[in-house]
There are 4 protein chains.
Amino acid sequence: MAYQRSEKMEQRLAANRERILGAARKLVSKGGLREARMGTVASEAGLSTGALYRYFPSKADLFVDVLNAAVDHEILILDKIVEGPGSARDHLRNAVASFVRRALRGPNLAYAFIAEPTEADVDAARMLCRKQFGEVFKRIIRTGIANHEFPEQDVDASAACIVGAFTEALVGPIAPSTRGTKTQDRLIDAVSSFCVAAVVGAGTGA
Amino acid sequence: MAYQRSEKMEQRLAANRERILGAARKLVSKGGLREARMGTVASEAGLSTGALYRYFPSKADLFVDVLNAAVDHEILILDKIVEGPGSARDHLRNAVASFVRRALRGPNLAYAFIAEPTEADVDAARMLCRKQFGEVFKRIIRTGIANHEFPEQDVDASAACIVGAFTEALVGPIAPSTRGTKTQDRLIDAVSSFCVAAVVGAGTGA
Amino acid sequence: MAYQRSEKMEQRLAANRERILGAARKLVSKGGLREARMGTVASEAGLSTGALYRYFPSKADLFVDVLNAAVDHEILILDKIVEGPGSARDHLRNAVASFVRRALRGPNLAYAFIAEPTEADVDAARMLCRKQFGEVFKRIIRTGIANHEFPEQDVDASAACIVGAFTEALVGPIAPSTRGTKTQDRLIDAVSSFCVAAVVGAGTGA
Amino acid sequence: MAYQRSEKMEQRLAANRERILGAARKLVSKGGLREARMGTVASEAGLSTGALYRYFPSKADLFVDVLNAAVDHEILILDKIVEGPGSARDHLRNAVASFVRRALRGPNLAYAFIAEPTEADVDAARMLCRKQFGEVFKRIIRTGIANHEFPEQDVDASAACIVGAFTEALVGPIAPSTRGTKTQDRLIDAVSSFCVAAVVGAGTGA
DNA sequence: CATGAATGAGGCTTCATTCAT
DNA sequence: GATGAATGAAGCCTCATTCAT
């Protein structure tokens, strides 16, 4: 009996945790960390403010977790692509396209967690996330260079440029609004082409 | 008899205004708008809080000015490059390189004003700024396409990617710290090469 | 399991709200709106500043409520008198006497809410209040005129004079301090007599 | 020469003082003390903020002077009426009518300086002013009682009521807006009749 | 004496966090 | 464990007053 109860409880707790994370993700992607107040997260999650602190010790912790969850998920997918079949060029194209596609789908967390600086704690976590994304692309590029698919280049800089390029293309005000699926496909294509061309042709530009 | 609107005074006022802008720029580039408190700006500028409001009607106004001043300066320089001699490819390369070079020099405002969302007022201004940068690159790309220097491509997306690429390369945590002048030159080169290659090879990557 | 919206809690909240209103009333009647700082209201009510904003969205709202509560209460009483038995003259006398009596009892809100101008919000509310008091007296006077108890007269002006008369008599520095009950009774009598005589004898004075 | 200069100077200084007082009066009667900022007074007077402090040691002092000047002027006129020919009833009627007439003319200082509470300093002065007005009416009433023109009554209370009555009739929102001259005459008549009737009939009302 | 820039205390309000129920 | 009321530290801004020119 006690065991039963506890199992049910466990589930409820886990569900709550997820709901909180979901609410936080939603809010942060809508208005940035600044606008994501703890109180709003709580009511969005159907809980009380106080309850939040039973799951996360502080706002910073909560959002670091939001960040990490989102990023872990992305990285997992990207890793699969990289480890899958195909040339480095394919990997690169697919990795970028895959990221952009998902970002265009959901609310654009990208903006919030890639761009916006806030408290030191969260900021540190964000830096790490960007680094992680960078690592994925570095791996791809390095492989390509080893294969002689890609020319020699500053891997760090290229990876940074890639992450920056698709981030801006996703969240920035430059690219036109992307409502229709077709438009989205075109954007995905454009961005991934851009990155592939850049890496493939690196050194060419001089 | 009347108050001497002496030249010295004028200068002092102008100097104050500059010191305020300078302090604001410094603070915003260090910790983002969030951390740039009016009080801190004031003391950094060697003035009292109240004095700030003689020069700028509100925090938002002050930082919009900081933003605009920085951007106007950049755009001016980029425009000169675009209107100067050389191929579109040169323009592109030089525009990127020039921006990145200056950004690496001064405090990296780029971060603050390209990325961080804040109050509606400032945000609107920032959107405009990014758009402005985008326009510069769109012009370059369009010219290059007309010249058959560059292949057909999604100009909006490419411009967005360029802005994103160098922004991230500048402020992001992916590229290694760039202290030495030599390292900086390498980064400048890498980033501008990346962008040029991307635009030149666009459509190639498919 | 869920948060107990216990009766005790409800009561405590209601009590807090009352304490806030009470504190606000006290302060405003002592030094006017100007001196009634939110911080002072809070500590007077035994709460923190922040807590006030859980009960009232802003200073203006709080004081509009103070005003309305006080006035509603008064108007209710005055209305009862007007609708009760007796001649218009009796109604007039009793209405004035009743108001003055209660005003002398509690802190003299009259001053604050009838006289002092402040923020637009509160001001609008105050104007309404004064108008409300005016209406009560207009009704009385109109009835009396219809009855031929009172001579024809400018009802608006008379009502205004009545409200002004007892307000000044209550809060002004002209009438001597009224500490003793006997003195108070005398004042009540004097003021109500004054008003009755004025209305009864209107037009006589020419 | 030096003498000449000094005389001219004296005049200019006196003129400045008057202009400041005038500006202050205008502003206070428009928006109350609260809205009458020193800076605004200064520019309205065609001077600088600092200059104000050469004529008046503080905001409170300035407005106390404004108040006193206005009141002295009134009292002088009222005194003349009281000392002139006619019955006490005439004096009373004329005094009230005269005050109301002038108040309706100029900007309604009455409101600001009779009603609105502010800093302790100014407040004290205002209390005195109201007392002064009260004294005038007390004198009239006492004389009338001695003459057996008026019945015995609480002189203090009656005087307070009179001051309150015309103040409210002047500034309150109860009496309809008084734009036309004819309307104004009617109001003057109504208010003075009201007061006379009240004093004449005092004690009648019981 | 005039000027108007500078000061700085103090007001209102927000919100992450705590805690009695 | 959950609730949401309460806390209190900041933040932005205003404005009477001072002071170098």
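No experiment lies behind these values; they were computed from the predicted model shown.
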**Asked** How many angstroms lie between atom NZ of Lys8(A) and atom CD of Gln11(A), to the nearest 0.5 angstrom?
**Response** 9.0 Å

**Request:** Both distances under 3.5 Å, Watson-Crick or G-U wobble: on that basis, could you give the dot-bracket string for DNA chain E, with [ ] for crossing pairs and | for other-strand partners?
**Result:** .||||||||||||||||||||

**Message:** It should be established whether Ser48(C) places a side-chain nitrogen or oxygen under 4.0 Å from OP1 or OP2 of nucleotide dT7(F).
**Reply:** yes

**Request:** Using whole Å, report how far OH of Tyr55(C) lies from P of dA5(F).
**Result:** 7 Å

**Message:** Just so I know, are the side chains of Leu62(D) and Val66(D) near enough to count as touching, which here means a heavy-atom distance under 4.5 Å?
**Reply:** yes

**Message:** Regarding Phe56(B), tell me which of base, sugar-phosphate or nothing describes its non-hydrogen contacts under 4.0 Å with the strands shown.
**Reply:** nothing

**Message:** Go nucleotide by nucleotide along DNA chain E from the 5' end; which of Gly39(C) and Leu52(B) gets its closest nucleotide reached first?
**Reply:** Leu52(B)

**Item:** From dA2(F), dT7(E), dT3(E), nucleotide with atom closest to Ala51(B) side chain
**Value:** dT7(E)

**Asked** Counting side-chain heavy atoms from CB outward, which of dT13(E), dG11(E), dA2(E) is closest to Met38(C)?
**Response** dT13(E)

**Fill in**
Rounded to whole Å, the CG-P distance (Leu27(C) to dC12(E)) equals 11 Å

**Fill in**
Atom CD1 of Ile20(D) and atom P of dA2(E) are separated, to the nearest Å, by 8 Å

**Message:** Within the 4.0 Å heavy-atom criterion, would you say Leu13(B) contacts the bases, only the backbone, or no part of the nucleic acid?
**Reply:** sugar-phosphate

**Request:** Write down the distance between CG (Asn16(C)) and P (dG4(F)), rounded to a whole number of angstrom.
**Result:** 16 Å

**Request:** Quickly work out the Gln11(A) CD to dG1(F) C1' distance and round it to whole Å.
**Result:** 17 Å

**Fill in**
With sequence neighbours left out, the residues meeting side-chain contact (heavy atoms from CB on, under 4.5 Å) with Thr40(C) are Leu27(C), Arg37(C)

**Request:** Rounded to the nearest angstrom, tell me the gap between atom CG in Leu62(A) and atom P in dT17(E).
**Result:** 10 Å

**Touch class at under 4.0 angstrom, heavy-atom based, for Arg54(B) against every strand present** = base

**Message:** Nearest 0.5 angstrom please: Glu18(C) CD to Arg25(C) CZ, how far?
**Reply:** 7.5 Å

**Request:** Using a 4.5 Å cut-off on heavy atoms from C-beta on, say whether the side chain of Arg17(B) contacts that of Ile20(B).
**Result:** no

Show me the side-chain donor-acceptor pairs of residues 44-56 of chain C shorter than 3.5 Å, one per line, residues at least two apart or across chains.
unit_1: Glu44(C); atom_1: OE2; unit_2: Lys26(C); atom_2: NZ; d: 2.5
unit_1: Ser48(C); atom_1: OG; unit_2: Ala51(C); atom_2: N; d: 3.4
unit_1: Tyr55(C); atom_1: OH; unit_2: Asn16(C); atom_2: ND2; d: 3.1

**Euclidean distance, atom NZ of residue Lys59(B) to atom P of dC13(F) [Å, nearest integer]** = 8 Å

**Request:** Kindly point out which of dT3(F), dA16(F), dA6(F) is positioned nearest to the side chain of Tyr53(D)?
**Result:** dA16(F)

**Message:** I want to confirm an ordering. Mapping Thr49(B) and Gly46(C) to their closest nucleotides on DNA chain F, which one lands closer to the 5' end?
**Reply:** Gly46(C)

**Item:** Nearest-angstrom distance from the residue atom CZ of Arg17(B) to P of dA6(E)
**Value:** 13 Å

